[in-house]
Amino acid sequence: MQAIILAAGMGRRLGDYTKDNTKCMVPVNGVRLIDRLLGQLAKQQLSRVIIVVGYKGKELREYIETTYLSPLTSHPSPLKIEFAENPVYDKTNNIYSLALVKDKLQEDDTLLIESDLIFSDRMIPMIVDNPCPNLALVAKYETWMDGTMVRLDDEQNIVNFISKDAFDYNDVDSYYKTVNIYKLSRQFSQQKYVPFLDAYTKAVGNNEYYENVLRIISLLNNHDMKALPIGGEKWYEIDDKQDLDIAEALFADEKDVLRKYYGRYGGFWRFPQMLDFCYLVNPYFPSRRMKDELRANFDTLLTEYPSGMKVNTLIASKCFGVSEEYIVPGNGAAELIKVLMSLTPTLSNREGAKTGFIRPTFEEYPNRYDKDQQVTFVPQNEDYRYTADDLMAFFGDKDIRQLMVINPDNPSGNFIPKADVLRLAQWCEERNIRLVVDESFVDFSRDYATNSLLSDETLEQYPHMAVMKSISKSYGVPGLRLGILASADKALIARIKKEVSIWNLNSFAEFFMQIYNKHEKDYQRTCAKFVAERDSFEQQLREVPFLRVMPTEANYFLCEVLPPYKASEIVIRMLKQHNILTRDCSLKPGLDPNKQYMRIAVRNHEDNTRLAEGLKGMISDK
């Protein structure tokens, strides 16, 4: 068996990365694509490797000859490497590159591989060892995929190649994407592929793709070409800078893998097979009925401008039951947090106004405030529990003008009952301290229906209190970027409205608030369902002997990781072996630096069980 690598393309979409190199010379986590591929092929018993070069072909050839073929190289390759050149790479496509080596294609069974791929080490043995003589590696369609799609029958025969023009999003459940790694038998190349290749290029030209020939052959209904789905094996096709960024996360080594993922701050839908247990949202809402209503209005919402602040304030008032003059909607709570924290010294009417924080907590608040003006309370117990009385005792003699309380807190899950929050609010009123309560997770608490502070009566009783709420969390819509801030301090609300953009919400967020009240009963049901699932998941986690699970009223558990494991070790193991992303919290300010911690979100029962089983699988390892 031989291998043919197509490496003539210009890779324009990679910009500066391919200014002086062809695509396969681009490094992923420090290793060039061509080095990785040749290393994988060197493990096979191949008669030769033929590389078709074009753009920057001289440089690629010199690199390979110097690195692998020179008698002076320190990395000699067992492979016999030959080259073919496509001199008109800028005027042709890969069908011409393959046609240049069609004679060699007919001399042996062939692995046909495109050079802009990165893939698991298991995939070459997977296709080589399979007894089918003509085989294509395929992956179930995912949203990031582009290019050639196929349909399979029940016996994994490729029955149709789907062109871009024929692609139908209504049929994606039946589509597979070709990985661009093929095995072609010598007989197939001689009797089918090359004859059709000659006829196709003569009729259509050379600015085409070699898969088009396979598509024509598939129409003969003789099932010459079978498919081998790769399942959960990792791979990526690198066409642009975004592809390169994703590939570096997918194939990062243990030293960098967490930094590569955590540094993305979301966007994990680009990794559709991964389970994200950092994702702190309601797994049961929006309901299907609400999603259907959003879909039905998609075209209008996409193509029309959203309303301005005045209208969106009215809609937020209706949605959350708070007077218009008491509420301001934001482009996520993050927008409102930034404005609130930047305005705090001005609004307190004194320079150097100090703010009280509780740690460990959601770092967005203290990160937005002058470190020299922070007064921090850290609970002195192993579960990081605290009460309203603890806060009043600690901050009673501190010169603060604002107190930040996340309730339930993140990551500890500590919860102060509503009656005690109101006692704390009264204490702050008497001392002219603004109390900011972030209740983004309050609807996950056991008495969710009565724990919110969002009502005119409550806000008016405590005008020094402001209530922040991220709609992403309990409502399950982080992609909408929606949050609210409410307070009976009209000056505060009016000032914040002036600071944010008049068009700070998109039409989808606006429409969500417009229709929410029709679906409110469904929301209440999902909150009850969530509490039951959290209880079940807690029992599963408590069966893992190296985790000490702390009580919570939120949609996550803070867990102390016990010897012999470290949190980073567990997180990497879950990601590498199970494609599950969890959060190592060990370095979070306020947590004991001598201990190890993880924060684990609560998802639906199937996902939770998958994580729990993965963790239990580690029990006998040490």
Taking all atoms of both residues into account, what is the closest heavy-atom pair of [X] and [Y], and its distance?
| X | Y | answer |
| --- | --- | --- |
| L135 | A227 | CD1-C, 3.8 Å |
| K56 | K19 | CE-O, 3.6 Å |
| N134 | D224 | CB-O, 3.2 Å |
| I95 | N206 | CG2-O, 3.3 Å |
| V257 | A249 | CG2-O, 4.3 Å |
| V194 | K102 | CG2-O, 4.0 Å |

Donor-acceptor contact below 3.5 Å, side chain [X] vs main chain [Y]:
| X | Y | result |
| --- | --- | --- |
| N29 | E248 | yes |
| Y556 | Y279 | no |
| T201 | D198 | yes |
| K226 | E155 | yes |
| N21 | M25 | no |
| Y55 | T18 | yes |
| S507 | E304 | yes |
| Q40 | F119 | yes |
| S115 | I113 | no |
| R186 | Q106 | yes |

Would you check if [X] and [Y] make a side-chain contact, meaning some heavy-atom pair closer than 4.5 Å?
| X | Y | result |
| --- | --- | --- |
| Q596 | Y565 | no |
| T148 | I162 | no |
| L41 | I124 | yes |
| L37 | L117 | no |
| F188 | M225 | yes |

- Looking at I580, T582, V561, which hits side chain to side chain contact (heavy atoms under 4.5 Å, CB included) with V571? T582

- Query: Quick one: which of I50, V49, L46 gives a side chain to side chain contact (heavy atoms under 4.5 Å, CB included) with Q2?
  - Reply: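 Considering I50, V49, L46, a side chain to side chain contact (heavy atoms under 4.5 Å, CB included) with Q2 is found only for I50.
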
Presence of salt bridge, [Y] and [X], under 4.0 angstrom:
| X | Y | result |
| --- | --- | --- |
| D109 | K183 | no |
| E364 | R368 | yes |
| R151 | D171 | yes |
| D256 | R259 | yes |
| K23 | D116 | yes |
| E142 | K177 | no |
| D239 | R13 | yes |
| R610 | D607 | no |
| E107 | R48 | yes |
| E59 | R61 | no |

Does the side chain of [X] pick up a donor-acceptor pair with the side chain of [Y] at under 3.5 Å?
| X | Y | value |
| --- | --- | --- |
| D35 | Y68 | yes |
| N160 | S218 | no |
| N86 | S97 | yes |

- Task: May I have the step-by-step check of side-chain contact (heavy atoms from CB on, under 4.5 Å) for M274 and L575, ending in yes or no?
- Result: CA-CA 8 Å; M274 185 179 73; L575 184 58; 3.9 Å; yes

- Enumerate the residue pairs fulfilling salt bridge (charged side-chain N to carboxylate O under 4.0 Å, His left out) with a member in residues 276-287, sequence neighbours excluded, ordered by first and then second residue.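 Non-adjacent pairs meeting salt bridge (charged side-chain N to carboxylate O under 4.0 Å, His left out): zero.
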
Are more than 12 heavy atoms, taken from residues, nucleotides or ligands other than [X], located less than 6.0 Å from that residue's [atom1] atom?
| X | atom1 | answer |
| --- | --- | --- |
| K338 | NZ | no |
| L587 | CG | no |
| D16 | CG | no |
| Q577 | CD | yes |
| K80 | NZ | no |

Pairs flagged by ring pair (Phe, Tyr, Trp, His ring centres under 6.0 Å) wherever [range] is involved - sequence neighbours left out:
| range | result |
| --- | --- |
| residues 8-51 | none |
| residues 237-264 | Y261-F271 |
| residues 198-217 | Y182-Y210 |

- Residues two or more places apart in sequence or in another chain: which of them pass side-chain hydrogen bond (donor to acceptor under 3.5 Å, both in side chains) with D240? none

- Under the side-chain contact (heavy atoms from CB on, under 4.5 Å) test, residues paired with V477 that sit two or more places apart: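 Partners of V477 by the side-chain contact (heavy atoms from CB on, under 4.5 Å) criterion, ordered by chain and then number, come out as P286, I471, Y475, L480, F512.
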
- Check against side-chain contact (heavy atoms from CB on, under 4.5 Å), K473 and N555: CA-CA 9 Å; K473 307 299 188 295; N555 67 327; 5.7 Å; no

- For the pair Y141 and M149, evaluate side-chain contact (heavy atoms from CB on, under 4.5 Å) and give the outcome as yes or no after the intermediate values. CA-CA 8 Å; Y141 172 79; M149 305 292 164; 3.7 Å; yes

- Worked verdict on L228 versus Q156 for side-chain contact (heavy atoms from CB on, under 4.5 Å): CA-CA 7 Å; L228 178 60; Q156 308 298 341; over 6 Å; no

